[in-house]
Amino acid sequence: MKILVTPKVNPDLDGTSCALAYADLLRKTGKDAEGVIFGNPQSEVQYFIQKHSIEIPIRPDGFTSNWSEFILVDASSMKGMPKAVRPEKVIEIIDHRAGEPEKEFPNAKIQNELIGAAATLVVERFIKANLNPNPEYAKLLYGAIYHNTLNFIATNTSYRDRKAAQFLEKEYGLNENLARQMFDFATQTIERNPRQALEDDAKEFGEGYLIGAYQLIVWGSEVFQQKELIEQTIKELFKKFKVNWALLNVVDLESKKTTIYCSDKVGQDALNKTLGCQFEDNWCQLEKAWLRKQIMPLLTKALG
Ligand SMILES: [Mn+2]
């Protein structure tokens with residue numbers, strides 16, 4: 001009875017760390033389990049593969065083996081799951097998002113709690129079992145908590161995420177430097193090509209009346225050396241997506257501050273009313289980290 005532990009296809013670090021570490025925990029308690037990743041993992045996972053030489057079993061989606069049971073981590077619906085997974089054979093789910101997984105997976109034991117990272121739930125299971133993950137997986141779990149909570153600013157972040165990170169620091173001598181390097185690695189990708197980064201993550205909000213909302217999440221402020229390229233790109237995206245007006249939200253995870261760019265008068269007024277933005281040359285600085293998913297509900301409400 002071989003168990004496959006897996007997240008969504010093209011997983012982020014949270015899903016990846018959970019799959020490897022939870023399979024490790026199951027093996028340490030005598031179960032026949034393996035963690036496998038399908039597709040292309042995200043850039044923060046690449047950081048651990050390239051800079052820490054951590055071996056991660058990665059297979060193309062569609063690959064199958066002699067798995068007879070399945071455990072989903074950082075996922076709780078069949079949407080985006082690898083083709084190998086059979087929903088009636090899913091025996092367990094570990095996730096942290098709103099949903100009703102019991103409908104899709106009637107045979108699964110479900111732990112779904114709205115905290116910052118699924119990795120936190122896996123760390124808690126190790127603590128409860130009085131066992132420790134192998135050191136490489138401990139690094140992945142630690143990075144995952146920082147990444148999924150965006151250095152502890154994301155909306156669902158809880159004290160449990162901090163406690164799990166502290167446990168890994170104490171047991172493995174890890175510290176914030178690892179997280180800083182991981183975010184640096186992703187930031188360098190953005191700085192090499194801000195145009196690509198903006199376009200890849202472009203979103204529109206509203207119906208009929210559309211607001212273009214672009215976001216960059218960086219560590220450190222070097223990206224602002226390319227202010228003109230950023231302004232130019234926003235103008236191009238603005239035309240391409242035919243929105244009424246657009247804003248760019250740059251979150252610096254190091255200083256935990258936000259910089260907003262908006263060249264439209266209506267947009268500037270709305271941002272002034274909701275966030276207290278004072279614009280100078282179409283840019284404004286806020287003393288708090290504001291994520292796009294926090295800003296946009298406030299804005300759309302203010303605009304009626
Ligand atoms: Mn997650």
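Values below: all heavy atoms of this structure, side chains included; hydrogens, waters and symmetry mates excluded. Indexing begins at 1, ligand by ligand and atom by atom, following the structure's order.
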task: Compute whether any side-chain donor of one residue and acceptor of the other, for Gln46 and Asn40, lie under 3.5 angstrom apart.
output: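 Distance-only check fails for Gln46 and Asn40.
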
task: Tally every protein N/O/S atom whose distance to the Mn ion (ligand 1) is less than 2.8 Å; waters are neither shown nor counted.
output: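 My tally for this metal is 4.
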
field: Presence of salt bridge, Asp269 and Lys273, under 4.0 angstrom
entry: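 Salt bridge flag = no for Asp269 with Lys273.
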
query: Using 4.0 Å as the upper bound for N to carboxylate O, is an ion pair formed by Glu34 and Arg59?
result: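 No salt bridge links Arg59 with Glu34.
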
Derivation and outcome, side chain to side chain contact (heavy atoms under 4.5 Å, CB included), residues Ile153 and Val251: CA-CA 10 Å; Ile153 64 167; Val251 183; 3.9 Å; yes

task: Sequence neighbours left out, what pairs pass salt bridge (Lys or Arg N to Asp or Glu O under 4.0 Å) with at least one residue falling in residues 3-14?
output: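 For residues 3-14: none.
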
- prompt: Which word best sums up how the rings of His52 and Tyr47 line up, parallel for under 30°, tilted for 30 to 60°, or perpendicular for over 60°?
  reply: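 The arrangement is perpendicular - the two ring planes meet at more than 60°.
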
